[in-house]
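What follows is a single structure, written as structure tokens, with notes after it.
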Amino acid sequence: MNTIKLNQSNNMNSKKTISLLLLVLFTSISQINAQSVFISNTQNRTFTNLNGKWKYVLDPYETGQIGFMPVYKNSKPQDKTDRVEYSFDKAQTLWVPGSWNSQKPELTYYEGSIWYHKAFDKKDLSPEKRYFIYVGAANYISTVTFNGKELGKHEGGFTPFSYEITDLIREKDNFVIIGVNNSRAANQIPAKVTDWFNHGGITRDVKLLEVPSSFINNYFIALEKSSISNKTKKINGEIQLSGKVLPQTARIKIPELNVSKVVDISKEGICTFTIEVKNLELWSPESPKLYDIVLEAGGDVVKDQIGFRSIETEGKQILLNGKPIFLKGISLHDENPLRKDRANSPEDAAMVLGWAKELGCNFIRLAHYPHQENIVRMADQLGILLWEELPVYWGIDWEDPTVLEKAKKQYTELIYRDYNRASSIIWSIANETMGEPRNKFLISLASHIRSVDNTRLLSAAGKKDQAGDGHPDNEYTINDPIIKHLDIISFNEYLGWYGGLPAECRKKTFTSSTDKPIIVSEFGGGAVQGFFADSLTRWSEEYQEYLYKESIAMFDKIDGLAGMTPWILVDFMSPLRQLPDVQDGWNRKGLVSEKGYKKKAFYVLQKYYKSK
Ligand code: GCB
């Protein structure tokens, strides 16, 4: 685990057209140089929930972003230089967490800026403590101010961030303002066009965290894979501390294993350790054993529940705890279709994981961006393995070095959030991309990810037509040059839907140019739940059912097939999909409809997984 400093300030596209007047306005907004601290495992820390109703101001021309509209101001101006043109007093409210699009008809397709405002009191402030505003995710760029001071900007719609407010918080009348902008742009991740809905706003929990003045902000604990076949296993760890006066030692406890170990903390606030344990019960889908872990340093105590497993490849096999495993998977978007919103609660996670379990899955592809932390935590408890990814998706600007930096930073944040989750086994670095500039970008991204986390496997979902050679005799060889930098070959293949009929699956074969395991990361076709016809009528449940039967038979023959994640568990919102009376804004490739009803193909895949 390498320590990488995340500097979250000043990452957004700044607009240059600031007039003198605006500059004057800007100087009245004092800036603190908030070096943001990455804080993991917030659910097991002391916090005040700031979810609920937030007031908001719509800013379609983005004047707030350039300091024009003084939305930073409270209804009670802090000094005479404040120009209050707008007060949040009379503003309407939006619910947090939640996408703004799902809450007001006039915001259904809104893309742009909205300024959120929340006032709160905080009793019993302690000089011994530090306070942070934590945001689980806000899509896509967030400008955070607290009690009139700008703290910084965070870019990336799916990863968490926190800003320190220790010197600013008071017992009464605090106000936090978060300007969120979800405009799509070519130099962002994702870029301009995606096959999913661009839910805007503060989509995950907001918390006021309180921690001791020196505290454990993050830690990385994992089984040493080389010890997997030994009786005595090794657990490696690193703890990171934040604070001016750091304690000299930290203690790691695993009560169930009688572990209580003291380790030294370096001047930089890092301690690394290796613990040897006997009789370690490994985490697996059949037995998702989690151990209570307690980390103590100075006045800080952090608890977590962590599973221990190894994940590796050997030739064409994926080995979990040293044994070959077939990944019975399904792809998933992070959406609750019943609410037409991003998923954002344990209940949302339980709903989709329940369907995946019923399908017989031991694996889920969390497409195409980091999903809510609740689902990863619940997968740990239920024994479901996960593929996680960033939206390095269609249309990425490979040649813009700032885009590569954004990808690295977003990946670091995702790894920092989920490193300790046994369920998470694969980092996928791209989806359906190709070409030389892309290779350079992805090679650099892959080596960055390995430098932050060398305990997991890397893959990328390729596109068969892009990543392989098509021969007239229907034999495909997957030979994408990026494969040599990855551990697992993955490709998406829509034969029978985008081109050809399902029967053509019988003629196709797939091989790869390397000795690595293969995952079919997408296949499928659309069906309108409740539309029944013959198996050659598109959009009928029967067509999808037939396509699943033929596709599964085709892929099952692949030498080195180590798993699959058909597209997709649930119908999902997508502005790309406008076929009237069929799609109506939904991608219909789900095995479950947006109302929660299963389609016939669900049972085809269920039967296959039962047989594996
Ligand atoms: C793909 C994409 C996915 C789309 C899917 C489709 O290859 O990776 O994001 O939603 O195809 O339905 O066409």
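As the structure lists them, so they are numbered: ligands from 1, and atoms in each ligand from 1.
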**Message:** Please confirm whether Y494 approaches ligand 1 to less than 4.0 Å, judged on its heavy atoms.
**Reply:** yes

**Asked** Measuring from the heavy atoms of R577, does anything fall under 4.0 Å of ligand 1?
**Response** yes

**Asked** Is R342 salt-bridged to D348, going by a charged N under 4.0 Å from an acidic O?
**Response** no

**Prompt:** Does F523 approach ligand 1 within less than 4.0 angstrom via side chain, backbone, both or neither, non-hydrogen atoms only?
**Reply:** neither

**Message:** Between the side chains of E413 and K409, is the shortest nitrogen-to-carboxylate-oxygen separation below 4.0 Å, so that they form an ion pair?
**Reply:** yes

**Asked** Between W196 and Y369, what is the ring plane arrangement, given parallel below 30°, perpendicular above 60°, and tilted in between?
**Response** tilted

**Asked** Quick one: nearest non-hydrogen protein atom to atom 10 (O) of ligand 1, plus distance?
**Response** D195 OD2, 2.5 Å

**Complete:** Quick note on ligand 1: atoms under 4.0 Å from a heavy atom of F572 include exactly 10 (O)

**Message:** Looking only at protein heavy atoms, which one is nearest to atom 2 (C) of ligand 1, and what is the separation?
**Reply:** E522 OE1, 3.2 Å

**Asked** N492 heavy atoms, cut-off 4.0 Å: which ligand 1 atoms fall inside?
**Response** 7 (O), 8 (O)

**Residues forming a side chain to side chain contact (heavy atoms under 4.5 Å, CB included) with V604, sequence neighbours excluded** = E545, Y548, K549, I552

**Asked** What part of N587, side chain from CB on, backbone N/CA/C/O, both or neither, has a heavy atom under 4.0 Å from ligand 1?
**Response** side chain

**Message:** Under 4.0 Å, heavy-atom basis, I'd like to know which part of N431 is in contact with ligand 1: side chain, backbone, both or neither.
**Reply:** side chain

**Asked** Any heavy atom of W196 sitting closer than 4.0 Å to ligand 1?
**Response** no

**Complete:** Hits for side chain to side chain contact (heavy atoms under 4.5 Å, CB included) against P105, two or more places apart or cross-chain, chain-then-number order -> none

**Message:** Would you call the rings of Y546 and Y543 parallel, tilted or perpendicular, taking 30° and 60° as the class edges?
**Reply:** perpendicular

**Request:** Report yes if some heavy atom in the side chain of K598 is under 4.5 Å from a heavy atom in the side chain of W355; otherwise report no.
**Result:** yes

**Complete:** atom 7 (O) of ligand 1 has as its nearest protein heavy atom E432 OE2, 2.4 Å

**Message:** With heavy-atom distances below 4.0 Å as the criterion, list the atoms of ligand 1 near Y393.
**Reply:** 2 (C), 3 (C), 9 (O)

**Asked** Does a side-chain heavy-atom distance below 4.5 Å link S444 with L404?
**Response** yes

**Prompt:** Which residue supplies the protein heavy atom nearest to atom 12 (O) of ligand 1, what is that atom called, and how far is it?
**Reply:** K589 NZ, 2.6 Å

**Residues, nucleotides or ligands: over 12 heavy atoms within 6.0 Å of K484 NZ** = no

**Message:** Counting non-hydrogen protein atoms only, what is the nearest one to atom 13 (O) of ligand 1? Give residue, atom name and distance.
**Reply:** Y498 OH, 2.5 Å

